[in-house]
Chemist: 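Pasting a structure here, questions to come.
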Amino acid sequence: QVQLVESGGGLVQPGGSLSLSCAASGSIFSINAMGWYRQAPGKQRELVAAITRGGSTNYADSVKGRFTIFRDNAKNIVFLQMNSLKPGDTAVYYCQAEVVSGDYSYTPVAMWGQGTQVTVSS
């Protein structure tokens with residue numbers, strides 16, 4: 001079974017930094033786009049940042065210039081470096097990946113991690 005496991009969340013003061021990582025494991029043929037989403041209490045899940053296999057990136061306006069997404073294709077890991085964090089960044093952060101696997105007949109399937117809590121507070 002293919003699974004995504006996030007790590008790196010926690011509590012940080014405003015202006016601080018955190019780094020998230022998400023590792024995909026299992027019978028993986030390839031991974032297309034990978035991304036990070038977040039969901040704050042009472043709000044809908046929103047895209048934070050995404051990256052294609054070739055390295056093209058896309059960011060939510062609210063995080064541009066503060067967050068950086070990058071990936072290691074050889075290790076099937078995606079990272080999110082978060083700087084200058086604000087209380088408004090507080091949310092559960094989810095990793096998503098479009099995985100191609102023999103487990104799913106080599107059809108791309110969007111998979112999610114379990115989420116990691118990021119809290120920005122003084």
Chemist: Among the clusters formed by ILVMFWY side chains lying less than 4.5 Å apart, do Ile69 and Val99 turn up in the same one?
Modeler: yes
Chemist: Can you name the closest pair of heavy atoms from Gln117 and Ala91 and give their distance?
Modeler: NE2-O, 3.4 Å
Chemist: Rounded to the nearest 0.5 Å, how far does CG of Asn73 lie from OG1 of Thr52?
Modeler: 9.0 Å
Chemist: Check the pair Ile77 / Cys22 against side-chain contact (heavy atoms from CB on, under 4.5 Å), numbers first and verdict last.
Modeler: CA-CA 5 Å; Ile77 301 176; Cys22 171; 5.8 Å; no
Chemist: I need the Phe67 CZ to Ser19 OG distance, nearest 0.5 Å.
Modeler: 11.0 Å
Chemist: Hey, quick one: are Val12 and Trp36 part of the same hydrophobic cluster, counting side-chain heavy atoms closer than 4.5 Å, chains of contacts allowed?
Modeler: yes
Chemist: Give a yes or no answer on whether the side chain of Arg66 reaches the backbone of Gln81 with a donor-acceptor pair at less than 3.5 Å.
Modeler: no
Chemist: Please determine whether residues Val92 and Val48 belong to a single hydrophobic cluster, defined as Ile, Leu, Val, Met, Phe, Trp and Tyr linked transitively by side-chain heavy-atom distances below 4.5 Å.
Modeler: no
Chemist: Taking the six-membered ring for Trp, are Phe29 and Tyr106 closer than 6.0 Å centroid to centroid?
Modeler: yes
Chemist: Crowded around Phe70 CZ? As in, over 12 foreign heavy atoms under 6.0 Å?
Modeler: yes
Chemist: Can you tell me how far apart CD1 (Ile51) and CZ (Arg53) are? Round to the nearest 0.5 Å.
Modeler: 11.0 Å
Chemist: Does the side chain of Met82 reach to within under 4.5 Å of the side chain of Asp89, using non-hydrogen atoms?
Modeler: no
Chemist: I'd like to know whether Ser21 forms a side-chain hydrogen bond (donor to acceptor under 3.5 Å, both in side chains) with Ser7, so could you lay out the CA-CA distance, the side-chain angles of the two residues, the decisive distance to 0.1 Å, and finally the verdict.
Modeler: CA-CA 5 Å; Ser21 64; Ser7 60; 2.8 Å; yes
Chemist: Working to the nearest 0.5 Å, report the span between CD of Gln39 and OH of Tyr93.
Modeler: 12.0 Å
Chemist: Contact between Leu47 and Asn58 at the side-chain level, heavy atoms closer than 4.5 Å - yes or no?
Modeler: yes
Chemist: Are any non-hydrogen side-chain atoms of Leu20 and Phe79 less than 4.5 angstrom apart?
Modeler: no
Chemist: Any chain of hydrophobic side-chain contacts (each under 4.5 Å) joining Tyr37 to Leu85?
Modeler: no
Chemist: Compare every heavy atom of Ile31 with every heavy atom of Ala24, then report the nearest pair and how far apart it is.
Modeler: CB-CD1, 3.7 Å
Chemist: Can a donor-acceptor pair be found, under 3.5 Å and without considering hydrogens, that links the side chain of Thr90 to the backbone of Val120?
Modeler: yes
Chemist: Output the distance between atom OG1 (Thr68) and atom CG (Leu80), rounded to the nearest 0.5 Å.
Modeler: 8.0 Å
Chemist: Any side-chain heavy atom of Val2 within less than 4.5 Å of one from Ser25?
Modeler: no
Chemist: Check whether any side-chain N or O of Glu6 sits under 3.5 Å from a backbone N or O of Cys95 as a donor-acceptor pair, and report yes or no.
Modeler: yes
Chemist: Side chains of Thr57 and Arg71, heavy atoms from C-beta outward: is any pair under 4.5 Å?
Modeler: no
Chemist: For the residue pair Pro14 and Pro87, establish whether any side-chain heavy-atom pair is separated by less than 4.5 Å.
Modeler: yes
Chemist: I want to check something: taking the side chain as every heavy atom from C-beta on, are Gln96 and Met111 in contact at a cut-off of under 4.5 Å?
Modeler: no
Chemist: Strictly distance-based, threshold 3.5 Å: is any side-chain N or O of Ser101 a donor or acceptor partner for the main-chain N or O of Ile28?
Modeler: no
Chemist: Could you see if Met34 belongs to whatever hydrophobic cluster contains Val5? Use Ile, Leu, Val, Met, Phe, Trp, Tyr and a side-chain cutoff under 4.5 Å.
Modeler: no
Chemist: Look only at the side chain of Ser105 and the backbone of Thr107, and say whether a donor-acceptor pair between them is shorter than 3.5 Å.
Modeler: no
Chemist: Nearest 0.5 angstrom please: Gln1 CD to Ser27 OG, how far?
Modeler: 10.0 Å
